[in-house]
Amino acid sequence: MNEEIGFDSFGLHPDVLDGLAAMGFRKPSPVQEQAIPLILDGRDLIACAQTGTGKTAAFVLPLIDHLIDLDDRHLSALILTPTRELALQIDQQIEGLSYYSPISSIPIYGGGDGALWDQQHKALRQGADLVVATPGRLWSFMATGNFQFNRLRYLILDEADRMLDMGFLEDIMRIVARLPKERQTLMFSATMPDRIRQLANSILKDPAQVSIAVSRPADKIEQMVFQVMDERKLEVLLALLEEFPFRSALIFCSSKDKVKQLHQTLRKSGVVNEAFHSDLEQQAREELMRGFKAGRLPVLVGTDVLSRGIDVDNIDLVINYDVPPDPEDYVHRIGRTGRAERNGRSITMVNPMDLRRWKRIEELVGRVLPWTERPLCGWSGPPLHRQGRGPGGGKGGKRPFYKKSSK
Ligand code: ADP
Ligand code: MG
């Protein structure tokens with residue numbers, strides 16, 4: 001990457017540059033460096049880059065730049081994204097980057113009660129420059145109301161692969177059918193399977209392509225992998241939490257039931273943690289996210305609902321309590337750490353039955369990761385924290401911060 005390129009080289013409006021400075025973005029990330037000039041040029045675009053590489057600002061900055069000097073404000077851009085968490089995050093990033101600009105945006109997402117529906121309905125009626133929406137909820141509004149999308153000029157599909165995984169193809173196609181044909185369309189995805197190319201062929205016009213890397217975890221993530229029998233996992237997990245100091249940790253399990261179970265078990269062991277899965281009400285999810293972001297909640301146990309796109313800085317530890325069935329999910333899960341310029345560590349527990357799955361992950365990430373040896377995992381010997389190896393261990397039991405004082 002060219003070290004010389006700064007945000008000022010794109011010719012962005014001074015108010016946009018001020019927004020960037022306020023957000024603390026000093027240098028464009030590689031995907032921003034490549035995508036921003038193409039978008040400013042008016043090209044349709046398909047961009048593939050792993051999570052955490054700054055795709056949001058790559059499309060938000062040119063949008064703000066385009067819209068900033070419009071005399072006549074109206075709904076100009078629609079951003080479709082798979083989850084309410086992402087809709088809120090993108091909306092917040094727009095708010096930050098357009099702090100010095102007269103740009104407005106509204107998030108539209110599902111869940112919640114009738115009051116939320118009414119509030120979103122009203123917001124849509126009143127209008128904004130940008131709408132950031134999940135496809136299902138937006139279609140519910142479009143199907144029932146006569147919202148004006150006829151002056152829309154920009155359509156962005158964020159996390160397109162995830163939207164298709166979640167079954168949003170039909171909603172997306174219905175929405176697109178109601179949008180003006182004369183528009184600029186941008187598509188962002190962490191992966192580029194065939195069905196994404198097909199979708200791109202059907203809704204983009206002569207798109208430019210930006211591909212930053214095949215899905216590979218960022219180099220800043222130290223990936224560790226342990227061979228552990230299921231019945232020893234909890235013990236190993238507790239020892240590892242003590243061995244590796246962390247501020248915020250995510251622990252992934254492949255099913256809701258496992259998440260709920262591990263959450264309870266950890267709680268009984270004194271680890272302050274909460275469970276994050278699709279059974280939770282939206283309000284509860286947001287509450288957990290706020291606590292986690294603010295550092296009040298040190299450990300979050302979750303399904304892959306957590307693994308895509310959630311943008312929380314300062315996650316320094318990601319633990320895969322089991323091996324994800326889909327190798328791509330591994331990349332998404334560990335991509336929750338090592339965000340932006342930070343370092344992170346991931347730990348994956350592999351039981352003998354998951355060895356085949358693990359091999360597929362190694363193929364995807366393109367390298368063989370050496371097994372980390374620990375006495376515990378060799379299925380013999382006392383736990384690490386009783387040998388005085390970890391920071392919290394061996395010296396008469398200094399209580400780690402993430403543990404309750406009494407249970
Ligand atoms: P992606 O959509 O590719 O997963 P995001 O757009 O959510 O990634 O960005 C990941 C993180 O990096 C966010 O916290 C964002 O604020 C930060 N970020 C993005 N671009 C920059 C930049 N140029 N400089 C510093 N931080 C950035
Ligand atoms: Mg994103």
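Because the structure is a prediction, the values reported are computed rather than measured. Read the numbers this way: they start at 1 and go in the same order the structure lists the ligands and their atoms.
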Practice prompt. For Ser101 and Asp15, test the side chains for any donor-to-acceptor distance below 3.5 angstrom and give the result as yes or no.
Written response: no
Discussion item. Please check if the number of heavy atoms outside Met173 that lie under 6.0 Å from its CE is greater than 12.
Written reply: yes
Practice prompt. Inspect the surroundings of CD in Glu362 and state if more than 12 heavy atoms from other residues, nucleotides or ligands are less than 6.0 Å away.
Written response: yes
Discussion item. Looking at every non-hydrogen atom in both residues, tell me the closest pair between Asp329 and Pro324 and how far apart they are.
Written reply: CB-CB, 3.8 Å
Discussion item. Could you report the tightest heavy-atom contact between Leu300 and Leu297, atom names first, then the distance?
Written reply: CD1-CD2, 3.6 Å
Are any of the N/O atoms in [X] less than 3.5 Å from those in ligand 1?
X     : answer
Lys27 : yes
Thr53 : yes
Gly54 : yes

Worksheet entry | Close-contact set for ligand 1 against Thr56 heavy atoms, below 4.0 Å | 2 (O), 5 (P), 6 (O), 7 (O)
Discussion item. Suppose I only count heavy atoms of Phe7 and a 4.0 Å limit; which atoms of ligand 1 are within that range?
Written reply: 23 (N)
